[in-house]
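Because the structure is a prediction, the values reported are computed rather than measured.
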Amino acid sequence: MTEWTCADCDYENEGGEECEACGEAKPVDERYIGYKVGLVKECTEIPKTQKLKQIVVDIGDEEVQVVTNAPNVKEGLLTVIATIGASVEVDGEPVIIKKTTVGGKPSCGMVCNGPMLGWTGGDAKQAATIPEGTPLGTAPPSSRPRGK
């Protein structure tokens, strides 16, 4: 769980989406507008492509189809999806996510890696992984989660 301080009452929360003292909602980090924690429900290799996979991801309020080449993506993985309209940084340039076709399949988002999220450490070719128990549809943590 990520600790945060309530802007309304200065209470230091140990996690959750609402302040334990006053009930105020946890503020959304501007960097992560349109980014959602999601659970990979289906993962299928796309025939006649070298590494592409089509995945179905539950992002809390809907399921989206995304095409990725991240080798660690598989059913059951909790990861971060940049949804349509989100801004991501690719090669130092901002890119707005749009519905597109990749490998002949529709893609309605992008699987994020650690560097895209501003995290230190991690591999740019691997999908960011999120700990079990993180609520679907929430914004990702501001730093790479550490294993216990």
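- With rounding to the nearest 0.5 Å, the separation of CD in Gln54 from OG1 in Thr44 is 6.5 Å.
- With values rounded to the nearest 0.5 angstrom, Thr120 atom OG1 is found 7.0 Å from Arg144 atom CZ.
- In this structure a side-chain-to-backbone donor-acceptor pair under 3.5 Å is present from Lys53 to Pro71.
- Using a 4.5 Å heavy-atom cutoff, the side chains of Ile55 and Val111 are in contact.
- Taking CG of Asn69 as the reference point, atom NZ of Lys125 lies at 9.5 Å (rounded to 0.5 Å).
- Atom CD of Gln65 and atom SG of Cys108 lie 6.5 Å apart (nearest 0.5 Å).
- Remark: the backbone N or O of Thr5 is not paired with any side-chain donor or acceptor of Asn13 at under 3.5 angstrom.
- Looking only at side-chain heavy atoms (C-beta outward), Val88 and Ile97 come within less than 4.5 Å of each other.
- Remark: of the listed residues Thr83, Thr138, Asp61, Asp61 is the sole one forming a side chain to side chain donor-acceptor pair (under 3.5 Å) with Lys36.
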Cys6 vs Glu12, side chain to side chain contact (heavy atoms under 4.5 Å, CB included): CA-CA, chis, key distance, verdict: CA-CA 7 Å; Cys6 178; Glu12 293 185 20; over 6 Å; no
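- By the 6.0 Å contact criterion, CD on Glu20 is enclosed, its count of non-hydrogen atoms from other residues, nucleotides or ligands being greater than 12.
- Side-chain contact between Leu77 and Thr129: present, with at least one pair of heavy atoms (C-beta onward) separated by less than 4.5 Å.
- For Tyr35 (side chain) and Leu117 (main-chain N/O), no donor-acceptor pair under 3.5 Å exists by modelled atom type.
- By the rule that hydrophobic residues join a cluster once side-chain heavy atoms approach within less than 4.5 Å of another member, Val56 and Val40 end up as members of separate clusters.
- In this structure, the side chain of Trp119 engages the main chain of Pro141 through a donor-acceptor pair within 3.5 Å.
- A side-chain contact (heavy atoms from CB on, under 4.5 Å) with Leu78 is found for one member of Val57, Asp58, Ile130 and no other, namely Ile130.
- If you take CD1 on Ile96 and CD1 on Ile84, they are separated by 12.0 Å, rounding to the nearest 0.5 Å.
- Glu75 CD: more than 12 foreign heavy atoms inside a 6.0 Å radius.
- Remark: side-chain polar atoms of Ser107 are paired, donor with acceptor, to backbone N or O of Val67 under 3.5 angstrom.
- In this structure the side chain of Val102 reaches within 4.5 angstrom of the side chain of Leu52, judged on heavy atoms.
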